[in-house]
Amino acid sequence: MPAKTFRDAPAAFADLKDTGVLRDGMTVMVGGFGLCGIPETLIIALRDSGVRDLTCISNNAGVDDFGLGLLLQTRQIGKMISSYVGENAIFEKQFLSGELKIEFNPQGTLAERIRAGGAGIPAFYTATGVGSPVAAGKEIREFHLPSEDTRYHNRSPEAVTGTFTDMKARVAPRAASAPARREYILETGLYADLALVHAHTADEFGNLVYRKTARNFNPMMAQAAAFVIAEVERLVPVGALDPDQVHTPGSYIDRVVPARVEKRIEQRTVRK
Amino acid sequence: MPLTPLTRDQITIRAARELRDGYIVNLGIGMPTLVANHIPKGMDVWLQSENGLLGIGPFPNEAEVDADLINAGKQTITARPGASFFSSADSFAMIRGGHVDMCILGAMQVSQDGDIANWMIPGKMVKGMGGAMDLVAGVKRVVVTMEHNSKDGAPKLVRRCSLPLTGQRCVSMLITDLCVMVMDEARRRFVLTELAPGATVDDIRSRTEGEFLVAPNVGTVAV
């Protein structure tokens, strides 16, 4: 097995254009929430690779001079799929001028679309966004809330096969007190050409352990892209991690590099 | 007694009285965050942060500040004893799966049947909905804290939201600077239950566009 660990991000990116992993117009997932748990070292390497017209799937878009703000400065992003893009003046300017497209997703929908994509689930129904602009143009179906239908699990009683008790249930009408169905909208899974994630610790196989709220979108993204690079603060030999404590199995990870950029805090708030 | 609107702090004190021992609660950014300062003593409430933490603790002191530990408003925080960290997918499974007892959110508009709009104003720069749509769709009890009227005096409790919705028929309680209203699920209208000191039912009517019902015994908000 070729080694997954590289001495730095440029080394890990060196052959990626030749091998076709990096190309203009590609879709890249970038982990993090705000500036917490973002793969800053890898974002800089992606910027320096010069690839353009990127679609970036990331909860936020960084700030002007940190995070994905770096790729906005150089106009390498053509479209963002995000839930919130607050604190970023460059973003606003490029969006208003029409240079940059944005697809807003509710944060939970975004997280679940990524999780589904990585799990091979092409689409799923969710109540989030019903009646809002998010539902526009999407298929809508009615279901019972799963917790309100623990007997038939949103299948027709006729479709439930098995024991004699179940067969008797088929002719029994659903209880009159059964709660009403609700509307759900169909959302699709997301899969990217490349994912960049930040973890606290990795072993040389790529098993990852995240730290505190820096975990956020990183584990799902690590499972939802054709090529996955992780930057880590600490690298340990295979066998040094307790298998019970691994958050992302190493099989998902193609390359591991040391994180080299100091972490930044967006809103330092302290107790008085 | 002249009409004395509740201050923002008093609104959050009133909202805190909706908390119950053992509740899992998500507090929105802004005024709802302040509810954390008024959790009744002796009550064990677990604050959920949608970026992946159950069990928010107090703000850190200088030595405790940790770039890897923030809330959904991106502020540095601490985790209380018994806290747990999880991914964004797990966090929203908690929210969308109905495992959070209550959320307290701000709003730009609420409709008479409980729709909420709090994420975009057409024609203005849209920053995104973040986790708001997931919260209103998935959390059992949605409590809205807001000013009763916007800065220009326009009613915020309306017949139909003119702003794009965040969620439909999901608000169960409204706490404003002028009154408290509780959704009557059967009749699909808010019921006025408490008034700010000095306020009358007519004061609320004249400042509200949407229809609402009035409880038989309307009290004064105790704060």
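Reckoned from all heavy atoms, side chains included, excluding hydrogens, waters and symmetry mates. Since the model is a prediction, treat every value here as computed from it, not as a measurement.
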So for A:Glu112, is it side chain, backbone, both, or neither that comes closer than 4.5 Å to the heavy atoms of chain B? side chain
Separation of A:Lys79 NZ from A:Thr27 OG1 (nearest 0.5 Å): 8.0 Å
Taking every heavy-atom pair that is under 4.5 Å apart, which of B:Gly98, B:Gly52, B:Ala89 has the most such pairs with chain A? B:Ala89
Determine yes or no for a side-chain-to-main-chain donor-acceptor pair under 3.5 angstrom, with B:Arg188 supplying the side chain and B:Asp113 the backbone. yes
Return yes if a side-chain donor-acceptor contact under 3.5 Å exists between A:Ser97 and A:Glu99, otherwise no. yes
Please determine, among B:Val65, B:Asp115, B:Asp66, the option with the most heavy-atom pairs under 4.5 Å with chain A. B:Asp66
Please look at B:Glu50 and chain A and tell me whether the side chain, the backbone, both or neither of the residue comes under 4.5 angstrom of a heavy atom of that chain. both
Contact winner vs chain A - B:Gly131, B:Pro60, B:Gly97, heavy-atom pairs under 4.5 Å: B:Pro60
So for B:Ile95, is it side chain, backbone, both, or neither that comes closer than 4.5 Å to the heavy atoms of chain A? neither
Pair count under 4.5 Å, heavy atoms only, with chain B: among A:Leu110, A:Ile102, A:Asn105, A:Ile114, highest is A:Asn105
From the list B:Ser87, B:Ala83, B:Ala79, the residue making the most non-hydrogen contacts under 4.5 Å with chain A is B:Ser87
Considering only heavy atoms, which portion of A:Phe91 lies under 4.5 Å from any heavy atom of chain B: side chain, backbone, both, or neither? side chain
So, the part of A:Leu145 with a heavy atom under 4.5 Å from chain B: the answer is neither
Flag the pair A:Leu186 / A:Arg141 as yes when at least one side-chain heavy-atom distance between them is below 4.5 Å, and no otherwise. no
Side chain, backbone, both or neither: which part of B:Val126 has an atom under 4.5 Å from a heavy atom of chain A? both
Side chain A:Glu231, main chain A:Thr41, donor-acceptor under 3.5 Å: yes
Are any side-chain N or O atoms of B:Asn26 and backbone N or O atoms of B:Gln48, one a donor and one an acceptor, separated by less than 3.5 Å? yes
Pick whichever of A:Gly131, A:Gly34, A:Pro106 has the most heavy-atom pairs under 4.5 Å with chain B. A:Pro106
Looking at B:Asp68, is its backbone amide N or carbonyl O close enough to the side chain of A:Thr213 to form a donor-acceptor pair, meaning the two atoms are under 3.5 Å apart? yes
For the atom pair CG (B:Asn118) and CE (B:Met108), what is the distance rounded to the nearest 0.5 Å? 6.5 Å
Quick check on A:Asn218 against chain B: is it the side chain, the backbone, both or neither that has a heavy atom closer than 4.5 Å? neither
Using the six-membered ring of A:Phe124, assess whether NZ or CZ of A:Arg113 lies under 6.0 Å from its centre and within 45 degrees of the ring axis. no
A:Glu233 versus chain B, the contacting section by heavy-atom distance below 4.5 Å: side chain
Could you tell me which portion of B:Met129 (side chain, backbone, both or neither) has an atom closer than 4.5 angstrom to a non-hydrogen atom of chain A? both
Look at A:Ser82, A:Pro133, A:Pro219 and state which one has the largest set of heavy-atom pairs under 4.5 Å with chain B. A:Pro133
Within the structure provided, determine whether A:Val134 and A:Thr109 are in side-chain contact (heavy-atom separation under 4.5 Å). no
By the definition side chain to side chain contact (heavy atoms under 4.5 Å, CB included), identify the one residue from A:Arg211, A:His247, A:Arg215 that meets it with B:Phe85. A:Arg215
Assert top hit (heavy-atom pairs under 4.5 Å, partner chain A, pool B:Met133, B:Met125, B:Lys74) equals B:Lys74
Heavy-atom distance under 4.5 Å to chain B: side chain of A:Arg115, backbone, both or neither? side chain
